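Predicted model only: the values in this text are computed from it and were never measured.
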Amino acid sequence: QVQLVESGGGLVQPGGSLRLSCVSSRSIFNIGTVGWYRQAPGKQRELVATMTRSGSLNYADSVKGRFTISRDNAKNTVYLQMNSLKPEDTAVYYCNLPLSPPLWGQGTQVTVSS
């Protein structure tokens with residue numbers, strides 16, 4: 001039974017920072033791409049960032065320069081460092097592994113508010 005567990009969300013003021021973690025119960029060493037997505041209330045789930053095994057990075061335009069995705073294969077963990085947070089970043093953040101079928105965690109809530 002493969003599981004993903006996201007953590008690190010919470011309430012933060014605009015301009016603050018959070019680091020999200022996604023721990024996989026299986027090895028991520030051979031997974032070509034890992035990703036973070038987010039979904040705000042009433043909105044579609046949107047891609048935030050992806051990272052390949054070789055280190056190729058892809059970010060949504062709205063988070064470029066503020067967010068950084070990374071992976072620690074030895075710990076089977078994917079991270080999302082979020083800086084200069086804005087209220088529009090408020091959403092549930094999900095980790096994704098492109099398995100068959102794709103594997104999603106339950107999400108972690110990020111709320112940016114003054």
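With respect to Asp61 and Lys64, a salt bridge is recorded, a charged nitrogen being found less than 4.0 Å from a carboxylate O.
At least one side-chain heavy atom of Val110 sits under 4.5 Å from a side-chain heavy atom of Val112. Side-chain contact between Trp36 and Met82 is absent, with no heavy atoms from C-beta onward closer than 4.5 Å. Between Ser113 and Leu11, some side-chain heavy-atom pair lies under the 4.5 Å cut-off. Residues Lys75 and Ser21 form no side-chain contact, since every pair of their non-hydrogen atoms from C-beta on lies 4.5 Å or further apart. Proximity of Arg26 to Leu99: side-chain heavy atoms (C-beta onward) are separated by under 4.5 Å at one or more points. The shortest side-chain heavy-atom distance between Ile31 and Pro98 falls under the 4.5 Å cut-off. With contacts defined as side-chain heavy-atom distances shorter than 4.5 Å, the pair Met51/Val78 does not qualify.
Between the side chain of Glu6 and the backbone N or O of Gln106 there is at least one donor-acceptor pair closer than 3.5 Å. Judged by distance alone, with hydrogens and angles left aside, the side-chain atoms of Arg66 form a donor-acceptor pair with the main-chain N or O of Ser84 at under 3.5 Å. In this structure, the side chain of Arg71 engages the main chain of Ile28 through a donor-acceptor pair within 3.5 Å. With Tyr59 contributing its side chain and Gly65 its backbone, the two residues share no donor-acceptor pair below 3.5 Å.
Screening Asn83, Val48, Leu20 for a side chain to side chain contact (heavy atoms under 4.5 Å, CB included) with Phe67, the sole residue that qualifies is Val48.
Rounded to the nearest 0.5 Å, atoms CZ (Arg45) and CZ (Arg38) are 13.0 Å apart. Put simply, OG on Ser27 and CG on Asn73 are 7.0 Å apart, with the number rounded to the nearest 0.5 Å. Considering OG1 of Thr50 and OH of Tyr37, their distance stands at 7.0 Å, rounded to 0.5 Å. Here Asn58 contributes atom CG and Thr33 contributes atom OG1; the two are 9.5 Å apart, rounded to the nearest 0.5 Å.
Considering all non-hydrogen atoms of both residues, Cys22 and Leu4 come closest at SG-CD2, 3.9 Å. Of all non-hydrogen atoms in Gln109 and Thr90, the two that sit nearest each other are NE2-CG2, 4.1 Å.
Cation-pi contact between Arg53 and Phe29: present, with separation from the ring centre below 6.0 Å and deviation from the ring axis of at most 45°.
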